[in-house]
**Student:** 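Right, I'll just put the structure down here and ask away after.
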Amino acid sequence: MELASKYDPRAIEEKWYQFWLDKKLFHSEPDNRVPYTVVIPPPNVTGVLHMGHMLNNTIQDVLVRRARMQGKNACWVPGTDHASIATEAKVVKMLAERGIDKRSLSRDEFLKYAWEWKEQYGGIILKQLRKLGASCDWDRTAFTMDDVRYESVMRVFVDLYNKELIYRGVRMVNWDPQALTAVSDEEVVYKESHGKLFYLRYFVEGEDRYIVVATTRPETIMGDTAVCVHPEDERYSWLKGKRVVVPGVGRVVPIIMDEYVDREFGTGALKITPAHDINDYNLGMKYNLESIDIFNDNGTLNEHGGKYAGMDRFACRKQIVKDLDEAGLIEKIEDYTNKVGHSERTDAVIEPKLSAQWFLKMEGLAKRALEVVEDDTIRFHPAKFKNTYRHWLENIKDWCISRQLWWGHRIPAWYLEVNGRVETVVALNEEEARKLAAEKYGYTGALRQDDDVLDTWFSSWLWPISLFDGIRNPDNPEIKYYYPTADLITAPDIIFFWVARMIMAGEEYRKDVPFHNVYFTGIVRDKLGRKMSKQLGNSPDPIELIEKYGADGVRMGMLLTAPAGNDLPFDESICEQGRNFSNKLWNALRLVSGWQVETSTPKDSKSRSLEDSKSNNEVAVQWMEQRMAQVLEEIERDFDQYRLSEALMATYKLAWDDFCSWYLEMVKPAYGTPIDRETYEATLSIFSRLMLMLHPFMPFVTEEIWHALQTMGKDDEKAAFINANYSIMNQHMPTSVYYDQRLLDEFDTAREVIAGVRNIRNTRNLSPKEALEVSYIASDERFRIDRFEGIIRKLGNVSAVKVITEKPAGALSFMIGTTECFVPMSQNVNREEELKKLQEDLKYAEGFLNSVLKKLSNEKFVNGAPAAVIEKERNKQRDAETKIAALKAQIAALG
RNA sequence: GGGAGUAUAGCUCAGCUGGUUCAGAGCGCCUGCCUUACAAGCAGGAGGUCACUGGUUCGAUCCCUGUUACUCCCACCA
């Protein structure tokens, strides 16, 4: 078999993904195994894959594939989110481009377009995930608005309404004038903005005196219904009981006094606009003030705006300032910086607005959701997010769940009029509602359904349950088997939107947590530390990256720099490392596949060298097995703590350094000679297990190499059978076993000897082809290299390893611990240089000894420190003294 | 305004319960090599007052005080 010297991921990745799909290896059904469930954080149905998705889904895939190989029944459920506001905005825009105005459409017509759009563009992102290698159970693909999920949402709404946890009320909400809908508190982003603070004159009714009020929003004076000052503010005590004229408007409003006012801010006087500010609204309630709503839903002035009616709020601000200024009603204007709320989805400036909305009571739900995180029934990784979570839940307010949109789950509330009163019935569907209306009110006329839809998160919060139909059929075998899920992998910015609410829903509808662990990924940033975004154009296209470096390469690149909860400064070049690693593995395969295996065991003298190499190889195999067991232990620990990047790094080093650089070099037969069968088999086995360990991180290249290894040396028929019927995916992950630390230590010493020889060669410009001799004085029992002598000879190109008792003349030396090693030189050594080097070493050793002696002569240390620590210091002292003596002797020999 | 977090090599980060895993890893950098698996490679090497300050301790990268810088979250000051 002839293999290309460069690994080309493209064809290989496609081949294996199709193979996995054909074999239905991602599919899961409940059985006797332990379940391992992960639900995907559903991406927006019309979204495209970005780097954040890449990171998030790579992590999920690593965990899922590992669990599967550990013998668990892994089920990773994919799906998409209907994303009410975002999708509706996209559809509106698409229609506008086609010259269609949303307002000219009926609800049904609009929804038809929306569904068409969804069918056309929806799910692109799921296709892209396949390129990444995601091992989702695609048969289970769900959508938050498909039949099962839709009905689940309806049932939950009805249930919570009947439990009196859902209510409808007129409240001040965050209004998005662009999307024309209310949004929740969490969907408002406050941004620093440079504006002005306007000082307006409010004349006292019938007098020449006036009071100056500072405001950032002069356009709202049309809605002013009072001016408020602090009751103890002596500057304004004269105003008590008076009334003032709203400038430019002419309306006469009362002066009220309330401690809410901050006397230090502005002039200490505050204008009250109950319809357009939450605080003013509260004061309005308290003092029974009139509330005048001056805005239309789209942010233009309504009929209360007088001559400004129809103008946009920001245009109106300019105009009104101009007009007031001309009328001499502006005292001054100052620059001012404050935080202005923007809609997360549309970026429009949020307008506080009074409107009728549906709310969900949070108090009881929040309490339970807090408990399960506090007592570690659910663990956060990293744990610091517990603080954030607690703080939010302890200060939570009722959740505004209605949205004035069409795309979404329509609120199942119907209105009817009986005896001049509007009554509400809430039911699963219109038919049920009709029945209910008849029962409760004896009403049989037409019903009018609420126009609003539910907040998107009102469906996502049920996701871990509704995916297994656990709302509609709470006792079905699937929900019982797969719920609670194991791990949730998500970004910290949706901890409130989604994570907290899923926990609430889990407690409410399953009396159990929805997952046991939450792994918070970091935010993917560019080299300059900026968040990746479409606007900045600093986000690479993940699909292009995959084409360039292979999915394995990109996965590895992402994982290497992404410890849990840390932001990840992404640089494309990191993918190169992943690609190079794939290539390295590929070339290891090329090496092994080219080996000739010993066919008979000849007894003649020619086989001496083969026998020699055999015993070397035995040690090599032993060592590699021990090393592998050690790393496996490390990796298991890393996974337990969700330290994925560390687990990958450990595996990477095991494969590259230990396996390729050391092990393969140890057993590699000389050119033209065969390798013994035992070593060959052992190598294939070790290599295969390495592939298993790497498979969760790099699924494609490992599957390819694993197959090559399994079929190596097999006849065509057998190979074809293996290729058609086996996959690395469901092989059993190796587990750590006992390993011999002594052997590992001995190898480390041997490795230092080899490095010492190579270093001498390197610094003295000696040819690697010239064999050197190594000798050492055996004085330290910790220095044991007997077992690795043959390997030292092979890898260091050493002709002999000798134990001696006297320092040889004319030799170069290096120290390993307290043992001196010598390399005799045929040519003259550079005395000056050697002397300089030895003196530097001596100086360092003496300094080190000094610090140790200082410690040991400190009575407090000797009395206070534990015996073991003191013993260690004494050992250090002895070693340092030995070393110093040796160095001095060498210097003397040279001089 | 409140709260949380971070600061260790040029970069990104480990360093778990104070003492031989104690100053580490990967990448980058420097030097020499196209050594028949791999230049997407091989061998060797250099780099750090562990942000600053004071304290606790026989002993501090690690615990405590304060300072500085950055990051994030929360909040209705017009």
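Numbers restart at 1 for each chain; the letters A, B, ... are given by sequence-line order, proteins then strands.
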**Student:** If I take atom OH from residue A:Y7 and atom CD1 from residue A:I705, how far apart are they, to the nearest 0.5 angstrom?
**Tutor:**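 So the gap between those two atoms works out to 7.0 Å.
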**Student:** When we call it a touch if two heavy atoms are under 4.0 Å apart, what does A:V213 touch: a base, just sugar-phosphate, or nothing?
**Tutor:**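 Since no nucleic acid heavy atom lies under 4.0 Å of A:V213, the category is nothing.
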**Student:** Could you tell me if A:H194 and A:T337 have a donor-acceptor pair between their side chains, going purely by distance under 3.5 Å?
**Tutor:** yes
**Student:** What integer distance in Å separates A:N762:CG from B:U31:C1'?
**Tutor:** 8 Å
**Student:** Between the protein and nucleotides 34-37 of chain B, which nitrogen or oxygen pairs come in under 3.5 angstrom?
**Tutor:**
unit_1, atom_1, unit_2, atom_2, d
B:A37, OP1, A:K668, NZ, 3.0
B:A37, O2', A:N587, OD1, 2.6
B:A37, O2', A:R590, NH1, 2.8
B:A37, N6, A:C660, O, 3.4
B:A37, N6, A:E665, OE2, 3.0
B:A37, N3, A:N587, O, 2.9
B:A37, N3, A:A588, N, 3.4

**Student:** Identify all stems in which RNA chain B takes part, counting only runs of at least 3 consecutive pairs (Watson-Crick or G-U wobble, each distance under 3.5 Å), and give each as one range with another, ordered by first number.
**Tutor:**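 As far as RNA chain B goes, consecutive pairing (with distances under 3.5 Å) yields the stems B:1-7 with B:68-74, B:10-13 with B:24-27, B:29-33 with B:41-45.
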**Student:** Think A:R874 has a side-chain N or O under 4.0 angstrom from the OP1 or OP2 of B:U20?
**Tutor:**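 A:R874 to B:U20 OP1/OP2: no side-chain N or O under 4.0 Å.
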**Student:** Dump every N/O contact between nucleotides 55-60 of chain B and the protein below 3.5 Å, one line per pair.
**Tutor:**
unit_1, atom_1, unit_2, atom_2, d
B:C58, O4', A:K860, O, 3.4
B:C58, O2', A:N858, ND2, 3.2

**Student:** Distance check needed: B:C77 P versus A:R217 CZ, whole Å only.
**Tutor:** 14 Å
**Student:** Determine which pairs satisfy salt bridge (charged side-chain N to carboxylate O under 4.0 Å, His left out) with at least one residue from residues 264-275 of chain A, sequence neighbours left out, and list them in order.
**Tutor:**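 Found A:D224-A:K271.
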**Student:** Please work out if A:K386 contacts a base, only the sugar-phosphate, or nothing of the nucleic acid, heavy-atom cut-off 4.0 Å.
**Tutor:**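 Nothing, no heavy atom under 4.0 Å.
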**Student:** When the distance from CG of A:N583 to P of B:A39 is rounded to whole Å, what number comes out?
**Tutor:** 8 Å
**Student:** Using heavy atoms and a sub-4.0 Å distance, could you list which residues of residues 273-283 of chain A are near RNA chain B? By number, please.
**Tutor:**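 RNA chain B contact set from residues 273-283 of chain A: A:I278, A:N279.
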**Student:** Quick check on contacts: within residues 650-658 of chain A, what sits under 4.0 Å from RNA chain B by heavy-atom distance?
**Tutor:**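 Going residue by residue through residues 650-658 of chain A, the ones with a heavy atom under 4.0 Å of RNA chain B turn out to be A:Y652, A:K653, A:W656.
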**Student:** Examine A:Y663 together with A:F659 and report whether their ring centres are nearer than 6.0 Å.
**Tutor:** yes
**Student:** In whole angstrom, what separates A:I350's CD1 from B:C76's P?
**Tutor:** 13 Å
**Student:** Salt bridge (charged side-chain N to carboxylate O under 4.0 Å, His left out): which pairs involve residues 572-589 of chain A, sequence neighbours left out?
**Tutor:**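 Sorted result for residues 572-589 of chain A: A:K548-A:E572.
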**Student:** Determine the contact category for A:R579: base if any of its heavy atoms lies under 4.0 Å from a base atom, sugar-phosphate if only primed atoms, P, OP1 or OP2 are that close, otherwise nothing.
**Tutor:**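 Counting heavy atoms under 4.0 Å across all strands, the contact made by A:R579 includes a base.
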**Student:** Taking ring pair (Phe, Tyr, Trp, His ring centres under 6.0 Å) as the test, write out the residues that go with A:Y549, two or more places apart.
**Tutor:** none
**Student:** Under 4.0 Å, counting only non-hydrogen atoms across every strand here, what does A:Y336 touch: a base, just sugar-phosphate, or nothing?
**Tutor:**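 Since only primed, P, OP1 and OP2 atoms lie under 4.0 Å of A:Y336, the category is sugar-phosphate.
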**Student:** Can you name the residues that form a ring pair (Phe, Tyr, Trp, His ring centres under 6.0 Å) with A:F783, not counting sequence neighbours?
**Tutor:**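 By the ring pair (Phe, Tyr, Trp, His ring centres under 6.0 Å) rule, A:F783 matches A:Y776.
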**Student:** For A:Y190, give me all partners under ring pair (Phe, Tyr, Trp, His ring centres under 6.0 Å), at least two apart in sequence or on another chain.
**Tutor:** none
**Student:** According to salt bridge (Lys or Arg N to Asp or Glu O under 4.0 Å), who are the partners of A:R782, at least two apart in sequence or on a separate chain?
**Tutor:** A:D780, A:D879
**Student:** Assign A:K271 to base, sugar-phosphate, or nothing according to its heavy-atom contacts below 4.0 angstrom with the strands shown.
**Tutor:**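 Counting heavy atoms under 4.0 Å across all strands, no contact is made by A:K271.
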**Student:** Protein-nucleotides 1-4 of chain B N/O pairs closer than 3.5 Å?
**Tutor:**
none

**Student:** Would you classify A:R637 as touching base, sugar-phosphate or nothing, given that sugar-phosphate means primed atoms plus P, OP1 and OP2, and contacts are heavy atoms under 4.0 Å?
**Tutor:**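 No contact.
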